[in-house]
Amino acid sequence: MPPRILPGPRNNNAVMEYKAIFETSLAFSRTFNSRNIEFFWYPLWNQTLSDLVADVPNLIVAPQFPVWFVPMIDDNEDENDGDDPEEIVQPPEGPDQDEDDEAVGVGAGNISFASTIPEKKAEQVVVDFVILNLMAVAQPQPELKTRYGGWRITAASVGLLVEVKRFVSRSLTGQNQTAEILLRILEACSDLIEQAAHVFIQDPTANSVLAIAAAGPYWRSAVIRRTHVYRTMHRLSAKDPNYQAPGEQRPADPQPKWNNILRVDLPRSRDRLQTIYRSLKKMGVLDV
């Protein structure tokens, strides 16, 4: 069996190579992925992205990352709110305590998801994966709670968007397979345009974002610039009653320049991922 080509500093690591092989085999498996759904490709792409940025501490992979813009600003928690105990000890149950008694106020019913759900007016999409570039400043440990580990995050920028679609029918071959792979990847490209528009609305200082469109193990990439999504941004922003539409009519948005479709385990794929890696590092490497 030829060696698996990994994108980052873990290349030639036998354990990581076999992880990638097993992850691919799992996704192709008719036994475990009988419905041929995209979620079984997430382990392979999660490892591919993690390997890519393994030696840069402030480039992190964030799966299922939500991007949205909210017309009205929500209340925010202060960074000093709350506490993080080192150990949770469950108190003994009293003899009369009924675990089904809602009045007790324990259990899943008390969990609040307010911090992860935007208000009803928000426009939201969830990206399969993003790579975030974090900026942080070291803080003396006594001045911050232990949850921050002595660092305070000062900025978090989206450097890469990744949209993964399910692979085509495993019975297809030849030109039929090629055509279907292209259609799936074009669908991912369309989703990435919308996702990039959300990112640019959120961050007025961002002018470009890297993007990977994938269908199973096949992928292509591009740089999506703000100029590629002006009309999409206008369509999304028009739902905000406070939005002031531009006076002039803009022409149709130009398309990003997507490169050719490759399989992720090829040497050429590794070279392309290294180009993405170098672009991500240009966003800034934190000296720790």
Side-chain angles (χ1 to χ4, degrees), residues 7-9 45-46 48-71 73-74 76-79 115-116 118 122-139 144 147-164 188-189 191-214 219-230 232-234 236-237 240 253 256-258 272-288:
W45 279 103
N46 185 70
T48 298
L49 298 170
S50 297
D51 288 344
L52 183 64
V53 296
D55 64 342
V56 184
N58 59 308
L59 289 176
I60 66 168
V61 179
Q64 296 295 293
F65 190 78
V67 292
W68 59 69
F69 85 92
V70 184
I73 298 175
D74 288 333
N76 295 316
E77 292 183 351
D78 186 84
E79 69 174 13
S115 62
T116 57
E123 285 291 324
Q124 175 189 351
V125 293
V126 176
V127 188
D128 289 335
F129 297 94
V130 305
I131 288 183
L132 292 174
N133 176 274
L134 304 180
M135 290 288 106
V137 293
Q139 296 285 333
L144 282 180
R147 64 174 60 169
Y148 299 106
W151 291 84
R152 181 170 63 86
I153 303 298
T154 58
S157 304
V158 176
L160 173 68
L161 300 166
V162 182
E163 181 67 20
V164 181
C189 293
D191 289 350
L192 286 162
I193 292 293
E194 188 104 348
Q195 294 165 9
H198 279 81
V199 169
F200 294 143
I201 292 171
Q202 278 189 321
D203 185 358
T205 67
N207 291 311
S208 65
V209 65
L210 299 165
I212 287 178
W219 69 288
R220 74 192 322 186
S221 62
V223 178
I224 301 178
R225 305 187 186 280
R226 184 177 287 269
T227 54
H228 294 143
V229 296
Y230 269 131
T232 305
M233 292 170 60
H234 168 67
L236 295 172
S237 300
D240 182 353
D253 291 333
K257 294 181 180 179
W258 296 95
R272 184 186 289 174
L273 285 166
Q274 283 298 307
T275 300
I276 292 174
Y277 168 77
R278 289 191 292 271
S279 296
L280 289 169
K281 284 189 70 174
K282 289 179 180 177
M283 297 179 68
V285 177
L286 191 62
D287 185 11
V288 295

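Start at 1 with the first residue, then count along the sequence.
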I224 side chain reached by V229 side chain, heavy atoms, under 4.5 Å = yes
Between side-chain atoms of residues 153-162 and protein atoms elsewhere (two or more places apart, or another chain), which donor-acceptor pairs fall under 3.5 Å?
residue : atom : partner : partner atom : Å
T154    : OG1  : M135    : O            : 3.2

Do you know the tightest heavy-atom contact between N133 and G284?
-> ND2-O, 3.0 Å
Please tell me if the side chains of I212 and E163 come closer than 4.5 Å, counting only heavy atoms from C-beta onward.
-> no
Grab the two heavy atoms, one from N207 and one from F200, that are nearest each other, plus how far apart they are.
-> C-CE2, 3.9 Å
Closest heavy-atom contact between R226 and T205?
-> NH2-N, 4.3 Å
Please examine the side chains of W219 and T48, heavy atoms only from C-beta on, and report whether any two atoms are closer than 4.5 Å.
-> no
Check whether any side-chain heavy atom of S221 lies under 4.5 Å from a side-chain heavy atom of L210, and answer yes or no.
-> no
Side chains of R272 and T275: donor-acceptor distance under 3.5 Å anywhere?
-> no
Tell me, do I131 and L280 make a side-chain contact under 4.5 Å, heavy atoms counted?
-> yes
Taking all heavy atoms of L59 and all of K281, pick out the closest pair and write down the distance.
-> CD1-N, 4.4 Å
Check for a donor-acceptor pair, side chain of H198 on one end and backbone N or O of Q195 on the other, with a separation under 3.5 Å.
-> no
Atom of L52, atom of Y277 and distance for their closest heavy-atom approach | O-CD1, 3.1 Å
Just by modelled atom types, is the A136 backbone N or O under 3.5 Å from a matching donor or acceptor in the N58 side chain?
-> no
